[in-house]
Amino acid sequence: MKNKSTLFLVQAAAIAAVYVVLTLVFAPFSYGEVQVRISEALTILPFFTPAAVPGLFVGCIIANILGGGIPVDIIFGSIATLIGAVFTYKLRNSSKWLAPVPPIAANTVIVPFVLYYGYGVNLPIPLMMLTVGVGEIISCGVFGMILLTALSKYKNSIFGRQMAA
């Protein structure tokens with residue numbers, strides 16, 4: 001039992017760290033009303049392991065803090081990633097093509113309100129939903145699915161046999 005909890009903790013921490021690093025390395029594209037957060041490609045990882053859910057949430061919190069986010073962004077932006085991760089995990093036994101849908105939907109709906117009310121971005125919310133949505137489609141739908149396909153070949157050795165496929 002201890003081995004499984006250690007594996008869970010290590011996976012969650014590693015995912016959080018990679019999320020933070022990718023967000024900060026690609027910072028010019030990671031923040032703002034037009035963003036392609038490359039680290040959001042990792043939101044397909046709950047398809048493989050439940051450890052990705054807290055890992056992505058904690059990684060997003062840290063990335064938003066280090067990126068200079070305001071409290072409303074740190075909280076609600078991270079909750080958007082958490083919602084996406086939870087529902088990706090719930091869809092893990094469905095078609096792999098559904099894996100990026102929850103994070104795309106959650107961020108497309110929540111982040112524009114954070115930008116508008118938190119940062120005072122003076123653009124119509126529907127326009128920001130479009131721009132954030134397109135960025136999420138690129139990061140989760142394109143890069144995430146490339147990552148999912150690549151990891152599918154090694155899922156048992158990377159994530160352990162007890163994890164969902």
*Cluster check V142, V134: I/L/V/M/F/W/Y, side chain < 4.5 angstrom*: yes

*asked:* In this structure, would L130 and V101 fall into the same cluster of hydrophobic residues linked by side-chain contacts under 4.5 Å?
replied: no

Minimum side-chain heavy-atom gap [X]-[Y] below 4.5 Å:
X    : Y    : value
F143 : I138 : yes
L56  : L42  : yes
I125 : Y117 : yes
P103 : F87  : no
T149 : K96  : yes

*Would a distance-only check, ignoring hydrogens and angles, find a side-chain to backbone donor-acceptor pair under 3.5 Å from T108 to A105?*
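No; zero donor-acceptor contacts below 3.5 Å.
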
*Using atom types as modelled and distance alone, determine if a side-chain donor or acceptor of S78 lies under 3.5 Å from a backbone N or O of F57.*
no

Taking all heavy atoms of [X] and all of [Y], pick out the closest pair and write down the distance.
X    : Y    : answer
A52  : P46  : CB-N, 3.5 Å
P50  : Y89  : CB-CE1, 3.6 Å
N107 : A80  : OD1-CB, 3.5 Å
T43  : C140 : OG1-SG, 3.4 Å
G77  : V114 : N-CG2, 4.5 Å
L115 : V132 : CD1-CG2, 4.1 Å

*State which residue, out of L151, V53, T88, fulfils the side-chain contact (heavy atoms from CB on, under 4.5 Å) condition with L45.*
L151

I need the [X] [atom1] to [Y] [atom2] distance, nearest 0.5 Å.
X    : Y    : atom1 : atom2 : answer
I110 : T81  : CD1   : OG1   : 8.5 Å
L91  : I44  : CG    : CD1   : 13.0 Å
M129 : L123 : CE    : CG    : 13.5 Å
S95  : F47  : OG    : CZ    : 7.5 Å

*Tell me, with the steps shown, if F48 and L148 meet side chain to side chain contact (heavy atoms under 4.5 Å, CB included).*
CA-CA 9 Å; F48 299 107; L148 187 144; 4.0 Å; yes

*Check the pair Q35, V111 against side chain to side chain contact (heavy atoms under 4.5 Å, CB included), reporting the backbone distance first and the verdict last.*
CA-CA 11 Å; Q35 60 178 267; V111 171; 4.3 Å; yes

Side chains of residues 14-30: which donor-acceptor pairs under 3.5 Å do they make with residues two or more places apart or in other chains?
| from | atom 1 | to | atom 2 | distance (Å) |
| --- | --- | --- | --- | --- |
| Y19 | OH | R37 | NH1 | 3.3 |
| Y19 | OH | E40 | OE2 | 2.6 |
| T23 | OG1 | Y19 | O | 2.8 |
| T23 | OG1 | S39 | OG | 2.6 |
| S30 | OG | T23 | O | 2.9 |
| S30 | OG | F26 | O | 2.8 |

*Under 4.5 Å between side-chain heavy atoms, chaining through other members, with only Ile, Leu, Val, Met, Phe, Trp and Tyr counted: pull out the rest of the cluster around I137, sorted by chain and number.*
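Listed partners: I104.
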
*Who pairs with Y119 by side-chain hydrogen bond (donor to acceptor under 3.5 Å, both in side chains), at least two apart in sequence or on another chain?*
D73

